[in-house]
Amino acid sequence: MKRVLLTGAAGTLGKAMRRTLAGWAEELVLSDLVEITDLNPGESFKACDLADFDAVKTLVKGCDGIIHLGGQSIEGTFESILNGNLKGTYHIYEAARQHQVTRIFFASSNHVVGFHSRETRLDADSPMRPDSLYGVSKGFGELLARYYFEKFGIESALVRIGSCLPKPLDRRMLSTWLSEEDMADLVKCVFSVNRLACTVVYGASNNPWSWWDNRKANFLGWQPKDSSAQFETEVLSQDPLMDRDHPALLFQGGFFATAGHFEDDD
Ligand code: NAI
Ligand code: 15L
């Protein structure tokens, strides 16, 4: 890859990708609302609010691919979701169309399907059942990507990331954990496969208690190497068992599914 744009570069995953993808692209163009000053060789930085179309257009010009991580990353006010995720993702796709960028890694989320029961095994064709306005905004992003693929041929990986952290922090994450290294390997597969089309991928490591079936994305050649199993004893001893009847245990999205509407007064 020659010149790849990484949005959301100042965030948790952005920082992890800068480390794990070091040297992969000739130039990694980092962008965020928050300034980044600790640039490594091969990195450049451009501040940009994803809600500003002109700024996004300038940002995207001359890039060969986009890793789109930027935006509101948990439930929040409609205003922040509107700006970061709805306008932001539209601006990325529309700028890509105008500047002939043909491949995008879209950081979707497991919260697109968070209202499915933990007893249901999901695959790429399972219906969206968002558990939050945040999840709805990721569903919008996935549909938008599909529209730009069908009409303009822009290819996307719609990566329903589980929980991408150095290690799983609770019982739920034993099912949803994605290691940072497996995520970086997925990025490489997405940008090297001959034909990507518009493909849903569940972003999880090789976890024994996974709820997700990625067979329809096997053609990407992505083989996660890590597993939450190595953290099982530690997690089980530190995370007390919730009441068996707690509603958060029913749903894949956990507390995202059982929380009230974000903007309600308590
Ligand atoms: P984060 O909240 O740490 O990073 C998001 C970054 O986007 C921040 O640096 C923020 O400044 C930037 N941002 C927010 N609004 C913006 C705007 N209007 N214009 C420009 N930049 C803006 O989130 P994290 O954990 O790094 O996640 C990255 C992406 O992956 C997000 O899209 C999130 O929804 C998705 N994801 C992450 C998961 C995880 O386990 N970390 C799980 C599922 C999805
Ligand atoms: C997400 O979509 C969030 O971005 C992240 O902060 C975690 O909450 C993750 O899902 C999860 O479900 O663990």
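If you're wondering where the values come from, they're calculated on a predicted model, not measured in any experiment. As the structure lists them, so they are numbered: ligands from 1, and atoms in each ligand from 1.
- For ligand 2, the polar-atom distance check finds no N/O of Thr176 at less than 3.5 Å from any of the ligand's N/O atoms.
- Looking only at distances, a side-chain donor or acceptor of Lys138 sits under 3.5 Å from a matching main-chain atom of Ala107.
- By the side chain to side chain contact (heavy atoms under 4.5 Å, CB included) test, Phe140 pairs with Leu86, Leu144, sequence neighbours left out.
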Please table the atom pairs, donor to acceptor, closer than 3.5 Å between any side-chain atom in residues 22-34 and protein atoms at least two apart or in another chain.
residue	atom	partner	partner atom	Å
Glu27	OE1	Arg3	NE	3.0
Glu27	OE2	Ser44	OG	2.9
Ser31	OG	Lys46	O	2.8
Asp32	OD1	Val34	N	3.0
Asp32	OD2	Ala9	N	3.3
Asp32	OD2	Ala10	N	3.0

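- Distances from ligand 2 to the non-hydrogen atoms of Lys138 include no value under 4.0 Å.
- Each of the following atoms of ligand 1 lies closer than 4.0 Å to a heavy atom of Gly70: 7 (O).
- Using a 4.0 Å cut-off between a side-chain N of Lys or Arg and a carboxylate O of Asp or Glu, Glu94 and Lys57 do not qualify as a salt bridge.
- In the vicinity of Cys164, heavy-atom distances shorter than 4.0 Å reach the ligand 1 atoms 39 (C), 40 (O), 41 (N).
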Side chain to side chain donor-acceptor pair (under 3.5 Å) assessment of Ser205 paired with Asp182: CA-CA 7 Å; Ser205 286; Asp182 282 340; 2.7 Å; yes

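- Contact check on Lys216 versus Asp125 returns a salt bridge, with a Lys/Arg side-chain nitrogen under 4.0 Å from an Asp/Glu carboxylate oxygen.
- Between Val34 and ligand 1, a contact under 3.5 Å exists for no N or O pair.
- Distances from atom 10 (C) of ligand 1 to the heavy atoms of Asp32, Val56, Asp49 show the closest one on Asp32.
- Here atom 30 (O) of ligand 1 lies nearest to Ala107 when heavy atoms of Gly141, Ala16, Ala107 are compared.
- Contact between Lys138 and ligand 1 is present, with at least one heavy atom of the residue lying under 4.0 Å from the ligand.
- In terms of polar-atom proximity, defined here as any N/O pair under 3.5 Å, Asn110 makes no such contact with ligand 1.
- Evaluated by nearest non-hydrogen atom to atom 2 (O) of ligand 1, the leading choice among Ala10, Ala51, Ser73 is Ser73.
- Of the N or O atoms in Gly8, none lie within a sub-3.5 Å distance of an N or O in ligand 1.
- Residue Cys48 approaches ligand 1 through these ligand atoms, each under 4.0 Å from one of its heavy atoms: 19 (N), 20 (C).
- Residue contact annotation: Ser163 has a non-hydrogen atom under 4.0 Å from ligand 1.
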Phe255 vs His246, ring-ring contact (aromatic ring centres under 6.0 Å, His included): CA-CA, chis, key distance, verdict: CA-CA 10 Å; Phe255 286 108; His246 197 295; 5.6 Å; yes

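- In this structure, Gly162 is part of the shell of residues with a heavy atom less than 4.0 angstrom from ligand 1.
- Which of Glu75, Gln72, His111 comes nearest to atom 1 (C) of ligand 2 through a heavy atom is settled by distance: it is His111.
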